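Below you'll find the structure, written out as structure tokens, and then a few comments.
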Amino acid sequence: MTASPEIQNRIQKLRDKLEHANYRYHVLDDPALTDIEFDRCLKELSQLEADYPGMQSPDSPTNKVGGAVAKEFASIEHMQAMLSLDNVFSADDLSSFVDRVRSRIEDDPSLEGKLAELDFVAEPKLDGVAVNILYRDGIFECAATRGDGSSGEDISQNVKTIGAVPLKLKGKLKGKLKDKSGPIPEFIEVRGEVFISHAGFAMLNAMQISQGEKPFVNPRNSAAGSLRQLDSSITAARPLDIYFYGVGAHSDDFNFESHEELLNRFQDFGLRVSPLVKRVTGLSGLLKYYEILMKQRPNLEYDIDGVVYKINSLSQQRSLGYVARAPRWAIAHKFPAQEERTQVLDIDVQVGRTGAITPVARLEPVFVGGVTVSNVTLHNRDEIERLGVRVGDQVIVRRAGDVIPQIVKVVVREPETESKSYEFPKSCPDCDSPLHFDDELVVVRCTGGLVCSAQQKERIKHFASRRAMDIEGLGDKVVEQLLAANKVTDVADLFDLKVEQLEGLERFAEKSATNLINSIADSRETSFARFLYALGIMHVGEVTARQLAVEFSSITDVQIASLERLTAIDDVGPVVAQSICEFFAVAANIDVITRLEKAGIHWPAVERSADNSSPNSDFMDEVVVVTGALSSMTRSEAQHRLRELGAKVTGSVSSNTTRVIVGDAPGSKARKAEALGIQILSETEFLEWIDSKKG
DNA sequence: CTACCTCGAGCTCA
DNA sequence: CTCGAGGTAG
């Protein structure tokens with residue numbers, strides 16, 4: 001059934017009305033419709049859209065109620081990477097930041113030399129979840145989590161349900177431009193922080209409890225959890241909120257001179273910006289803002305963990321540029337970490353896969369910084385000594401910088417523990433082998449090697465891990481059981497396991513057993529690099545393993561390589577080379593490798609680039625960057641191909657880069673390559689290039 | 001380091 | 001229903 005002009009008109013009216021009501025309610029905090037009226041309109045619109053499917057539209061307010069159920073979260077590549085921010089915790093560090101920024105700007109000949117004071121924009125640093133939303137022609141296209149910075153999970157369906165997220169930017173498209181708010185860009189990535197207010201959190205938990213569900217521990221985690229919901233109607237019922245604070249990639253038709261102007265444009269677009277954002281001047285301005293926010297913090301209706309300062313002028317931002325993972329023109333000034341007092345119940349040591357002994361304090365669980373802390377690493381002997389911590393002590397625990405908790409100091413010592421100071425074990429808690437103490441090195445190691453089941457367990461877990469052999473279903477508990485039941489003693493034994501041997505283990509019936517046996521069998525097809533990494537040679541991580549796989553053609557080659565030969569490899573120094581030689585000098589290691597080979601572990605021979613005489617040596621001098629989305633393969637596949645061919649693949653464009661492969665929607669890397677005059681290849685050119693050299 | 005979501009599978013009880 | 005594994009976020 002096609003909609004008559006009257007119906008079309010009605011639908012448009014309803015949409016405009018609802019959209020405006022949303023904006024008034026969520027962005028301006030000034031409702032224009034009663035809830036009843038809003039619901040009535042929404043219902044009418046839903047009905048009309050259901051009756052006239054041809055009239056459905058991605059930016060209709062009916063899309064905000066959720067309902068779409070995803071099967072999984074796809075991965076979305078950000079057009080421009082989402083970086084993190086550098087942190088400072090003190091006025092001193094902040095002052096150095098300001099000095100650094102100032103001198104860099106004053107040294108830049110393209111900017112005016114004088115500079116009375118630096119202009120910043122300061123804003124609260126919300127404790128939530130960062131998201132990237134892409135609008136194309138003003139229409140919400142997709143939203144993604146931050147992920148690893150370059151790509152994240154597609155949570156579009158969930159983000160759409162957030163009241164304050166417009167499905168359509170306010171303003172006119174280019175060409176239809178009449179008002180002063182400026183045209184809506186062809187595309188723009190906007191970054192915001194999704195969070196749940198205190199009131200929302202209380203409401204949500206009341207709801208959870210009334211439904212017999214577990215309450216959430218803190219607003220941040222409930223916001224994060226809400227966004228990872230496959231059923232978006234659940235997300236829609238969560239009181240999620242958002243403030244926008246930054247921009248990613250955007251079309252050329254979007255220009256701004258300062259951060260302040262950017263945020264003003266955001267507001268014109270109907271994107272919510274924190275009302276606490278303020279322009280401030282110089283170090284004193286920053287510090288004053290910090291003090292004010294610190295005082296306001298208890299009264300705010302949401303959690304913040306600091307404030308963020310950004311250089312206001314875009315030309316100054318450009319001049320400052322970026323370091324590895326963060327802009328030089330912005331910094332987070334964190335509030336002091338939260339601290340709580342609790343008791344040390346015990347001090348255990350953990351044995352790592354290389355035998356490294358790490359002491360861990362078991363604590364009386366304490367709620368600090370939004371989570372319950374019951375374990376905290378003490379790192380090493382020196383740390384225990386420095387703190388002077390003993391079992392039974394009352395200590396201050398701090399959760400700093402968002403993550404790893406630490407013991408700050410001992411505050412009370414019970415009289416009865418006064419006498420028994422902590423004694424670092426002399427032998428391995430697992431295998432009782434003597435520990436090796438080296439005054440030079442901080443780490444203490446268990447000398448048990450292959451007889452130590454704690455080491456064995458970690459080695460097997462490492463072997464099975466995703467980045468190594470990728471054996472699914474071989475987790476902590478299972479490995480523990482296998483070792484305890486003597487079903488395996490080393491990684492080679494895994495391949496001799498039979499279904500019948502597994503049945504009878506806890507939580508292992510036929511299905512789990514065959515699944516595990518199958519995934520072990522499947523793992524035999526791997527790559528040389530993964531295999532080398534899986535062996536767990538000390539100091540040989542993923543990157544080094546990859547280097548070795550390129551350099552050598554077989555395990556035997558690595559085994560017989562001299563120290564000199566190894567040291568000659570990129571990134572391999574004397575320590576790593578020594579460690580590799582030692583590994584292959586142990587007969588038991590060779591035995592395991594032999595048995596693994598016998599079990600049928602194999603990898604494609606093409607993996608390794610040719611030696612220098614092959615035509616592929618053409619690639620040896622290439623330093624290549626791949627950016628943007630490719631259509632015929634993923635970016636990591638492309639990078640993998642290049643590495644196989646012998647090229648060096650890096651993540652960022654520098655003057656050493658020889659070529660840049662540019663896929664769809666490239667970010668700043670393509671521009672940088674252009675600026676540096678580096679050869680740029682399209683996907684087609686890239687494929688031709690590697691084909692032509694294949695010999 | 002902790003909290004959260006999702007999935008498959010086993011266990012338990014009706 | 002509960003558990004373990006696997007993954008994500010900060």
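Lettering of chains follows the sequences in order, A, B, ..., and the numbering in each one begins at 1. Computed from a predicted structure; not experimentally measured. Values below: every heavy atom of this structure, side chains too, minus hydrogens, waters and symmetry copies.
The interatomic distance linking A:Glu213 (CD) with B:dC4 (P) rounds to 12 Å, in whole Å. Atom CD in A:Gln338 sits roughly 14 Å away from atom C1' in C:dG10 (whole-Å rounding). A:Ile520 has its CD1 atom 13 Å from the P atom of C:dA5, to the nearest Å. Whole-Å rounding puts the A:Leu516 CG to B:dA9 P distance at 12 Å. As a whole-Å value, the separation of A:Phe73 CZ from B:dT6 P is 7 Å. For A:Lys214 and C:dT2, the NZ to P distance is 11 Å, given to the nearest whole Å. Between the P atom of B:dG10 and the NZ atom of A:Lys477 lies a distance of 18 Å, rounded to the nearest Å. Between A:Leu204 atom CG and B:dC4 atom P there is a gap of 11 Å when expressed in whole angstrom units.
Within 4.0 Å of A:Ser374, counting heavy atoms only, lie sugar-phosphate atoms of the nucleic acid but no base atom. Within 4.0 Å (heavy atoms only), A:Leu227 reaches no atom of the nucleic acid at all. Looking at heavy-atom distances under 4.0 Å, A:Thr377 makes no contact with the nucleic acid at all. Note on A:Val478: only backbone sugar-phosphate atoms sit closer than 4.0 angstrom, heavy atoms only; bases stay farther off.
In terms of heavy atoms, A:Val307 sits closest to A:Tyr289 at CG1-CE2, 3.8 Å.
The CG atom of A:Asn63 sits 11.5 Å away from atom OG of A:Ser156, with the distance rounded to the nearest 0.5 Å. Atom CD1 of A:Ile347 sits about 7.5 Å away from atom CG of A:Asp393, to the nearest 0.5 Å. Between atom CZ of residue A:Arg386 and atom CG of residue A:Leu378 there is a gap of 10.0 Å, rounded to the nearest 0.5 Å.
Residues A:Gly225 and A:Pro405 each lie close to DNA chain B; by heavy-atom proximity, the contact nearer the 5' end of the strand is made by A:Pro405.
More than 12 heavy atoms of other shown residues, nucleotides or ligands fall within 6.0 angstrom of atom CD in A:Gln211. Atom CD of A:Glu525 sits in a sparse spot, with 12 or fewer heavy atoms from other residues, nucleotides or ligands closer than 6.0 Å.
Between A:Tyr290 and A:His333, the angle of the ring planes stays under 30°, which puts this pair in the parallel group of the 30/60° scheme.
Formation of a donor-acceptor pair under 3.5 Å by the A:His462 side chain with backbone atoms of A:Tyr533 is found in this model.
A close approach under 4.0 Å does occur between a side-chain nitrogen or oxygen of A:Gln229 and OP1 or OP2 of B:dT6. Taking 4.0 angstrom as the limit, A:Thr372 places a side-chain polar atom (N or O) nearer than this to OP1 or OP2 of B:dA3.
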Please tabulate, one pair per line, each protein N/O and nucleotide N/O from nucleotides 6-9 of chain C that are separated by under 3.5 Å, including the distance.
unit_1, atom_1, unit_2, atom_2, d
C:dG6, OP1, A:Gly473, N, 2.9
C:dG7, OP1, A:Arg466, NE, 3.1
C:dG7, OP2, A:Arg466, NE, 3.3
C:dA9, OP1, A:Thr145, OG1, 3.2
C:dA9, OP1, A:Gly147, N, 2.8

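Within residues 480-515 of chain A, the residues that have a heavy atom under 4.0 Å from DNA chain C are, in order of number, A:Arg507.
Judged by a 6.0 Å distance limit and a 45° cone about the ring axis, A:Arg390 is not positioned over the six-membered ring of A:Tyr422.
For the 3.5 Å distance criterion, the side chains of A:Arg341 and A:Gln394 qualify, holding a donor opposite an acceptor.
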